[in-house]
Amino acid sequence: MMSHTDLGRFWSAVGAAALGVAWSSAALAADELPHHRVELTTERTLPGCSDAFEFKALLTNWVPVSTIDPTAARALVVRIRRLPDGGKSVDMTISDENGVAVSTDHRDYSPQTDCFKVLYWTAFDAATRIRAAAPKEEEQAPTPPPAEPPPSPKPAPCPKCPACPPSSKLPTAAPAPKKRGFVALGGFVSSGLMPDWAPGLRVAGGVQLPQLSLELDARWMPLWNTLPAGSTEVEAHTFTVTGAGCLKRAPFVGCLLLMGGAVGAAALNRWYVGHGVQGFFGVGARSAVELPFAEHFAVRLDVEVAIPLFGTGLDTIEPSLWETLRPFTTGGGSLMYAF
């Protein structure tokens, strides 16, 4: 639910969008607004707030495209920083041709406000201040009347006009938050699927929204000589597929997951080698930390715990290598690429 402040700003933006067509048409015809260059600076921990192209596109909802000029002497400088509680802090300055600040503004946004909304409201505030800081046009001297103006009767005073009918064009709604895909490659170690800790490889992909992501990953632990299960020496390998739905509160991620796969094992120190492969299915939870270090790249650290709902022991020979699959834990790291 929007707060009173957000609700007020929403209706202000709708009103500005309804007047945006008239403003832009007048500005394009007379070029009444001075040109500004746009300088957007964002901390590395807020890669979603650093899209200068999207910020300029939002700005043109309320000022003409010709107002944005990379070579202009006047400047619109916007700096976005992360607050200690995860929120965003925006400082905006408009300077004239001599570099003197003619308008400044500071706003703080809550951790729940995503980067798109921060850019949207900052563009709206910037457009309002650009118009307010524009130098006033000098009044032109009145044009002298013609020598012999043709006589014309004075029109009767116009009665009070009724309210204008509503415009057929509805205000343009704010675009939906961007969806971003990602892929990841990394390694992990796991305990519980085998009698010993075992390493493996992880390949993942999914779709990210500002506060939600859907993820799918595949993991493989190659043939590994594990600790003995009782008096039996064991070689084992696994393949798993995991689907997860996650909530994001940057830089933290929390997920609920479903996992399925197969475990294969061989008993080595018997009269003959026993082989077996069994499937399993389980549920679990995952927590992670994402540390971005470039616009499209981040390092992710994961820890997860899963509990098998069903999965039989690998009865290669009597006795079985283990009675049932135990709850298992996994930890690892991945390199992520977002696009």
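Just so it is clear, the values below take in all heavy atoms, side chains as well, and ignore hydrogens, waters and symmetry mates.
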Flag yes if more than 12 heavy atoms outside [X] fall under 6.0 Å of its [atom1] atom; otherwise flag no.
X      : atom1 : result
Ile307 : CD1   : no
Gln211 : CD    : yes
Arg37  : CZ    : yes

Would you say that [X] contacts [Y] through its side chain, given a criterion of any heavy-atom pair below 4.5 Å between the two side chains?
X      : Y      : value
Phe328 : Phe280 : yes
Glu304 : Leu257 : yes
Asn61  : Phe124 : no
Thr242 : Leu216 : no
Met92  : Leu76  : yes
Val277 : Val263 : no
Gln208 : Met336 : yes
Leu46  : Ile80  : yes

Restricting to non-hydrogen atoms, name the atom on [X] and the atom on [Y] that form the minimum distance, rounded to 0.1 Å.
X      : Y      : answer
Ala204 : Asp217 : CB-CB, 3.4 Å
Ala123 : Leu58  : CB-CB, 3.8 Å
Leu40  : Ser50  : CD2-C, 4.1 Å
Ala101 : Thr104 : CB-CG2, 4.3 Å
Ala127 : Trp62  : CB-CB, 3.5 Å

Quick one: ring pair (Phe, Tyr, Trp, His ring centres under 6.0 Å) partners of Phe239, sequence neighbours excluded?
none
With side-chain contact (heavy atoms from CB on, under 4.5 Å) as the test, pick out the partner of Thr122 among Leu119, Val118, Asp125.
Val118
Charged N to carboxylate O under 4.0 angstrom, [X] versus [Y]?
X      : Y      : result
Arg129 : Asp105 : yes
Glu215 : Arg286 : yes
Asp91  : Arg79  : no
Glu290 : Lys248 : yes
Arg82  : Glu43  : no

Does the cation-pi check pass for Arg219 over Phe188, that is, NZ or CZ under 6.0 Å from the six-membered ring centre and within 45° of its axis?
yes
Could you walk me through whether Ile130 and His36 pass the side chain to side chain contact (heavy atoms under 4.5 Å, CB included) check?
CA-CA 9 Å; Ile130 285 174; His36 289 73; 3.9 Å; yes
Do Val289 and Val305 share a hydrophobic cluster, counting only Ile, Leu, Val, Met, Phe, Trp and Tyr and linking them when any side-chain heavy atoms are less than 4.5 Å apart?
no
Suppose clustering is done on Ile, Leu, Val, Met, Phe, Trp and Tyr with side-chain heavy atoms closer than 4.5 Å. Which residues sit in the same group as Leu256?
none
Run the numbers on Ser89 and Arg81 for side chain to side chain donor-acceptor pair (under 3.5 Å), then give the verdict.
CA-CA 5 Å; Ser89 176; Arg81 298 179 296 109; 3.3 Å; yes
Judged by atom type as modelled, is there a donor-acceptor pair below 3.5 Å linking the side chain of [X] to the main-chain atoms of [Y]?
X      : Y      : value
His35  : Ser66  : yes
His296 : Ala338 : yes
Lys88  : Leu83  : no

